[in-house]
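Input: a single structure, listed below in structure tokens.
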Amino acid sequence: MGMGTVFVLMGVLAAGATDGRDLLRELVGRCAGVSSIDAVIEQHIRYPGAPPEVFRGRYRADAQGRFRIDYTAPSVQRVLHTGAALYWYYPADNLLYRIGGGGGSAPAPGARPADELMRRLDERGEVEYLGRRLYGIFTLAHRFVVRGDDPRVRIEVLVDSRRGVVLERRLLDERGREIVTEVFSDYDRTQGACYPRRIDVRARGERGVVRSTTVYRDARINIPLSPGLFAPDFPPNARRRLYRDR
Amino acid sequence: MAGRCRMLLAVAALLVAVDARAVVISRIVIVGSSVDIGLAELVAGRTGDLSDADIRAIGVEVTRRYHEAGYVTCHVARLVARRDGALEVHVVESRVREAAVAGVDGPAARELAALMLPEPGEIYNRIVVAERARFASAALGLSSVRVSAENHGDGADVLLRITALVAPRGAVGFGMGYGPRYGYAPVIEYARPAGGGAVRSRAEIGFRDGYLRQGIAAVEFDGRDRETDGGGLLLGARYRHARDVWESMDREFLSNAGEAFAGYGWRFGSASLDCTFRQAMSGLERYRGNWYVDNDSRAQAVYRIADRRLLLDRRRASELAFSASGGASDLCPKGYAMAAASGRTALVPVPWLFVVPHFDAWYATSAERYHWRYVFDETLPGRSDDFTASRWKHTAGIDLLFEAYPDLAMAGPFAVAGWYRNEDDEWRTAVVCGVRCTVQFRGVSIAAAWSWDVSGPLSRGSVTFSAAGSL
């Protein structure tokens with residue numbers, strides 16, 4: 001075994017042991033960011049044993065993790081994340097739910113999955129790079145595993161090796177069983193940024209698998225949004241309920 | 001999430017309480033701690049000239065020690081550097097004030113609450129609660145006990161929300177199928193947990209052209225635990241009545257077979273191996289123009305790798321299976337062997353398109369027709385009027401399924417090529433094309449396909465249909 005072979009082997013071993021965080025950052029950094037989005041949203045949601053529900057509305061979000069969805073179907077509802085708390089308001093009943101605590105950091109749905117992933121990387125533990133695998137038919141994807149505080153779960157992330165976009169994110173239990181899967185597809189890169197126009201989410205619930213498909217249409221990217229858009233300006237006489245889960 | 005939020009709150013508190021300048025700390029006092037998790041040892045020797053980063057680090061480490069010990073809702077709320085050189089580490093410990101039980105009621109709910117929270121006011125510990133949930137689940141015969149911790153009022157204390165899942169008495173499945181070989185085929189199944197494993201029973205009949213073409217009654221016990229790796233006993237019995245056809249002789253024969261089996265199976269992750277010994281007795285009527293009674297002894301091994309149980313979307317499942325069996329019977333006194341392999345996977349380039357390549361291979365050394373398989377069955381549809389049987393048959397195909405409605409309906413074309421040896425021992429090929437659609441609605445899945453043998457003489461094509469659901 002020559003010296004060169006030894007160096008190559010050492011390099012391979014070192015690469016295997018390296019935290020994959022930097023590679024993941026570099027890959028998703030290739031995809032230009034979304035600082036704001038204004039789009040028509042359509043969500044198909046299926047609960048086990050129930051007929052599908054279709055929600056339609058307008059979705060707006062910014063880079064600070066704030067978002068607002070004004071649903072028009074099946075009824076008028078407003079979902080608002082101010083960056084500090086998540087609200088769900090039903091005008092017909094004048095009922096307002098506040099979800100999560102004051103320091104909550106609910107992720108913005110959809111604007112750019114890489115952003116939320118990078119936030120998690122800042123907080124969580126190790127990132128392991130597992131090499132490349134075929135995704136679909138013609139796509140090669142880098143595979144990463146992110147492990148956090150809880151040793152019973154891990155997050156597997158697949159990133160398109162050419163475009164640097166997140167293709168899939170799966171939360172797995174210790175036996176490798178999927179708990180939540182998110183598939184990001186139909187990326188739009190026409191407006192100087194990239195974001196997925198379709199997100200498919202599956203989540204394991206007590207009664208079976210909950211499925212949702214979210215499609216964004218007529219999106220305008222990186223446009224200025226009104227500063228008051230994310231203010232919790234709900235009617236003062238709204239009946240308020242607190243839902244706090246920790 | 002709980003730990004993270006608490007950590008953020010703790011860091012925010014530290015920013016307020018600690019002066020930016022370095023201070024001389026002569027001793028560290030833990031205030032508000034009532035559990036023995038080695039905090040004194042943790043902070044021992046951490047005195048001296050400390051920067052505010054050092055002081056914050058002490059707070060973070062104390063919080064982390066709590067979390068590592070399972071006290072995930074406890075945290076350091078405040079750090080106070082006193083003028084006398086003492087550093088006060090103020091800890092907030094969350095206590096469990098109440099338990100709310102759902103899923104069971106009456107005495108069972110009270111017993112569950114008592115097992116989960118023997119002493120209201122104790123400090124919340126996730127590890128302890130998880131242990132108690134396991135114990136309560138076993139003690140009360142529940143399928144599982146799930147626990148979440150919520151804020152009790154606006155304070156730091158905890159409300160335990162407990163959900164009991166009652167072990168199912170059993171699940172009934174039902175279905176209705178139609179295929180060209182055995183016609184209309186209603187099916188009913190019943191499965192229930194038993195001794196860590198499961199018992200499954202199944203009854204199926206098939207009608208075509210005014211005759212009972214097939215009747216199956218089967219009961220099987222699988223002693224493997226569904227949730228853990230390991231082995232378990234396999235036992236079962238099966239009765240089958242069938243009216244099958246010789247294509248080359250244009251003749252029908254009847255078979256009535258009773259079979260019992262016993263064996264052992266292993267399951268490790270996505271892989272399973274089933275090894276069984278089977279003893280069957282068959283009565284054959286009008287078989288080659290005579291009556292026969294055939295006693296058949298057979299050993300069988302089936303190895304399967306499948307990720308179906310791991311996935312949330314089973315349309316994406318992959319499976320690879322190999323089967324080998326061998327034995328001897330009155331009609332095959334010198335012995336016979338059978339081997340089969342099958343596989344499928346799903347390639348999903350975009351969420352609205354599933355590309356499903358699949359293959360199936362089958363071989364039997366036996367020269368007996370009743371050991372063979374129909375050529376144009378579900379693996380090679382396309383001819384409803386051809387009852388050729390084969391002892392050597394291979395198929396490979398590809399299905400394209402396009403999403404017609406998200407998670408509800410899919411449809412698309414498919415093509416399968418087959419290579420087989422017919423009843424006259426001649427090699428033949430067939431290429432079948434068709435369209436297939438599937439609908440899943442309220443727990444009922446419906447599939448229908450129409451296919452046509454594009455390679456052979458004109459045929460009427462073939463329709464298959466199935467609907468299945470469960471209660």
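These values consider heavy atoms only, across backbone and side chains, with no hydrogens, waters or symmetry-generated copies. We name chains A, B, ... by the order of the sequence lines, and we start the count at 1 in each one.
Residue contact with chain A, scored on non-hydrogen atoms closer than 4.5 Å, involves the side chain of B/Tyr405 exclusively. Of the atoms belonging to B/Arg314, not a single heavy atom falls under 4.5 Å from chain A. Proximity to chain B (any heavy atom under 4.5 Å) is shown, for A/Thr139, by neither the backbone nor the side chain. Neither the backbone nor the side chain of B/Glu68 comes within contact range of chain A, judged by heavy atoms closer than 4.5 Å. For chain A, no part of B/Arg161 is nearby; none of its heavy atoms comes within less than 4.5 Å. The parts of B/Asp229 that come within reach of chain A are both its backbone and its side chain, each placing non-hydrogen atoms under 4.5 angstrom from that chain. Of the atoms belonging to A/Val201, not a single heavy atom falls under 4.5 Å from chain B.
Per-residue counts of heavy-atom pairs under 4.5 Å with chain A were compared for B/Val348, B/Asp407, B/Leu347; the largest is that of B/Asp407. Looking only at heavy-atom pairs under 4.5 Å with chain A, the residue among B/Pro349, B/Ser270, B/Gly269 that has the most is B/Pro349.
The number of heavy atoms from other shown groups lying within 6.0 Å of CZ (B/Phe174) is above 12. The environment of A/Phe138 atom CZ is sparse: at most 12 non-hydrogen atoms of other residues, nucleotides or ligands sit within 6.0 angstrom.
Salt bridge A/Glu178/B/Arg308: absent, no basic N to carboxylate O contact under 4.0 Å.
The shortest side-chain heavy-atom distance between B/Arg316 and A/Thr181 does not fall under the 4.5 Å cut-off.
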